[in-house]
Amino acid sequence: MEALSGFYVMTYRQLKKFSRARSRVIGTIVNPIIWVLFFGLGWSGVFNFPMAKQLFGGVDYLTFLAPGVLGMTLFLSGFISGISIIWDKQFGFFKEVLVAPTSRVASIIGRIFGDSLTTLIQLLIIFALLYPLAGSLSLMGLIPSLLIAFLSSMMFSGLGVIIALKMRSLEGFQLLINLVMMPTLFLSGALYPITTMPYWMKLLAYADPLTYPVDGMRYFLAGTSALQPTIDVVLVTAFTALSLGISSVLFRNTTVE
Amino acid sequence: MSDSIVVEDLVKKYGDLTAVAGISFTVKEGEIFGFLGPNGAGKTTTIHVLTTLLKPTSGDAYVNGYHVVREAQKVRESIGVVFQDPSLDDDLTAYENMYIHGRVYGIRGEKLRIRIDELLEFVDLQEFRNVRVKKFSGGMRRRLEIARALVHEPKIIFLDEPTIGLDPQTRYHIWEYIKKLRSEEGVTVFMTTHYMEEAEFLADRVAIIDHGKIVAQGTVEELKSMIGDEVIYLKLGRGPSNGGSVPCLEASFIKECRQLRPGEIALKVGNAGEAIPRVIELAKEKGWLIKEVRYKRPTLNDVFIYLTGKDIRESEGEAGEKIRHIIRSRLAR
Ligand SMILES: Nc1ncnc2c1ncn2[C@@H]1O[C@H](COP(=O)(O)OP(=O)(O)OP(=O)(O)O)[C@@H](O)[C@H]1O
Ligand SMILES: [Mg+2]
């Protein structure tokens with residue numbers, strides 16, 4: 001019972017904070033829109049020839065890109081919200097949680113859960129905007145996609161927490177974000193198919209945790225994928241469990257040293 | 001057990017650096033215990049160990065009878081903490097900050113709501129109940145943190161430099177709350193400070209810590225009596241029976257009597273407060289006319305200088321503190 005209250009209250013906190021941080025909400029929605037409009041529509045013009053659809057598994061480029069943009073959003077939003085625990089660490093709220101008698105595992109999972117809920121809200125908004133633009137997105141596929149999105153957003157949030165707990169200061173924070181973000185995005189197949197990548201790059205793509213949510217969501221939303229959707233789902237689930245497990249253990253054993 | 005905190009030979013090292021070098025003390029139930037020391041003395045480290053956030057390198061500590069390592073959970077349930085660094089959530093309102101705290105400590109519903117209102121009243125923040133902490137001044141934040149630490153009715157509250165960086169007036173207000181806290185909520189208070197006046201004003205007993213060691217402890221009076229006597233200065237007018245020269249007063253409680261200049265004498269006594277009425281009586285008997293009475297008591301600062309050879313106010317101190325505050329407020333926005 002007591003563990004539940006830690007979980008509940010951290011979820012509550014993250015949702016409350018999200019609803020107050022208007023600039024963050026707008027930022028996370030505007031960013032993908034810019035990608036879709038300027039990047040997506042730009043390339044759509046290029047891929048506007050008869051054989052083009054074959055390049056993207058039989059769908060138009062915007063339909064292909066849409067799950068990629070959702071993946072990109074959940075990755076950024078999840079990762080940044082996870083890593084933002086470093087601000088709590090720097091400015092005290094962290095200690096308030098550490099000194100509480102509630103289960104630390106419950107509170108960190110509650111925090112990650114809450115952040116992932118906010119990510120899901122953002123994804124829904126983006127999907128609503130994308131739906132009329134892209135040629136053939138499946139509405140039916142939205143539910144399994146959101147499930148995948150939720151799991152993987154917890155995975156990235158957990159990953160952010162792990163990194164933040166290991167970091168001693170805010171120095172290198174920006175560098176780290178840039179260093180992680182670009183490769184993760186480009187290798188994930190969010191913007192172009194994995195199947196046509198050079199062999200060495202494919203190997204890296206398979207090591208990219210963002211590859212599987214993007215591929216899985218693409219299967220359900222666009223009806224095309226590079227891998228078996230079951231593989232995607234299994235791997236996403238496994239990565240998520242791993243990420244939550246490690247972040248819980250780290251947080252449980254945290255001291256203020 | 002009537003000891004709220006028992007610390008035995010506590011040592012805490014950070015790598016090679018010994019922050020706390022074997023301290024022992026006890027805090028009695030219901031008292032305000034002041035932990036006084038300059039910057040870097042080991043005050044925060046001690047609080048972190050006592051509040052289970054740091055594991056001691058060696059030694060033992062019990063809070064409310066529970067061991068801080070082996071029974072950390074029990075300790076956490078029974079304490080409230082106000083950290084040196086701000087720990088409120090700026091995006092949330094005063095009420096929400098307290099609500100989250102209450103829920104984390106397993107309080108809920110009507111009971112929690114009533115308790116929060118009661119405490120917001122206690123620290124005079126009721127009218128700012130639904131204002132985001134972002135807009136609060138330093139003093140308001142501190143008050144809210146104190147109120148928050150009380151939500152779950154802890155037996156002991158730890159205050160780490162509760163008035164650091166606040167202006168004198170705000171500081172005085174916080175002191176009033178701390179006094180009230182003991183009288184109205186009946187909690188034991190363990191507080192650290194590097195302000196002499198703060199320890200003098202608030203603490204029933206004080207431990208002075210320097211370089212990780214306790215150099216003295218006791219009531220403020222006891223500490224002051226360590227460096228000895230208080231001095232009474234008398235200015236005399238001409239009395240009927242002392243034609244011109246001023247002789248001295250003699251009595252068992254007067255340790256020394258000196259004439260400073262004609263018409264002015266200094267009396268060394270153990271306790272000036274008790275001695276003054278008797279001195280006046282004696283003077284009357286002799287028919288002296290007293291024009292002025294002054295006395296000087298040693299301050300805690302004198303005690304600190306006596307024990308450590310340096311002035312607490314000058315030791316490394318304020319400059320570093322100011323810089324830290326500037327950095328903090330910059331990073332915060
Ligand atoms: N996490 C840490 N790692 C290494 N050294 C530390 C750490 N925290 C504190 N110290 C060092 O331990 C010593 C005691 O620090 P502590 O914070 O306990 O002092 P303090 O009495 O609270 O001082 P202040 O008035 O600055 O708050 C200092 O020399 C400090 O630099
Ligand atoms: Mg300190």
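Throughout, a chain's letter reflects where its sequence line sits, starting with A, and its residues are numbered from 1.
Summarising the geometry, atom NZ belonging to A/Lys16 is positioned 11.5 Å from atom CG belonging to B/Asp89; distances are rounded to the nearest 0.5 Å. To the nearest 0.5 Å, atoms CD1 (B/Ile100) and CZ (A/Phe93) are separated by 5.5 Å. To the nearest 0.5 Å, the span separating OH on A/Tyr12 from CZ on B/Arg103 amounts to 9.5 Å. If you take NE2 on B/His48 and CG on A/Leu98, they are separated by 9.5 Å, rounding to the nearest 0.5 Å. Atom CZ of A/Arg13 sits about 15.0 Å away from atom OH of B/Tyr99, to the nearest 0.5 Å. A distance of 10.0 Å separates NZ of A/Lys95 from CD1 of B/Ile47, quoted to the nearest 0.5 Å.
At a 4.5 Å heavy-atom cutoff, B/His152 makes no contact with chain A through either its backbone or its side chain. Proximity to chain A involves both the backbone and the side chain of B/Thr93, based on heavy atoms less than 4.5 angstrom apart. Contacts between B/Lys74 and chain A at a heavy-atom distance below 4.5 Å are absent for every atom of the residue.
Proximity of A/Thr102 to B/Tyr105: side-chain heavy atoms (C-beta onward) are nowhere separated by under 4.5 Å. In this structure, A/Pro101 and B/Gln73 have side chains that are in contact, with non-hydrogen atoms separated by less than 4.5 Å. Within the 4.5 Å cutoff, no side-chain heavy atoms of A/Thr255 are placed close to those of B/Leu53.
Salt bridge status for A/Arg20 with B/Asp91: absent, with no side-chain N to carboxylate O gap under 4.0 Å. A salt bridge links B/Arg148 with A/Glu96: the closest approach of a Lys/Arg side-chain nitrogen to an acidic carboxylate oxygen falls below 4.0 angstrom.
Nearest approach of A/Ala100 to B/Val104, heavy atoms of both residues: CB-CG1, 3.2 Å.
For A/Ile143, the CD1 atom is loosely surrounded, since the number of other residues' heavy atoms within 6.0 Å does not exceed 12.
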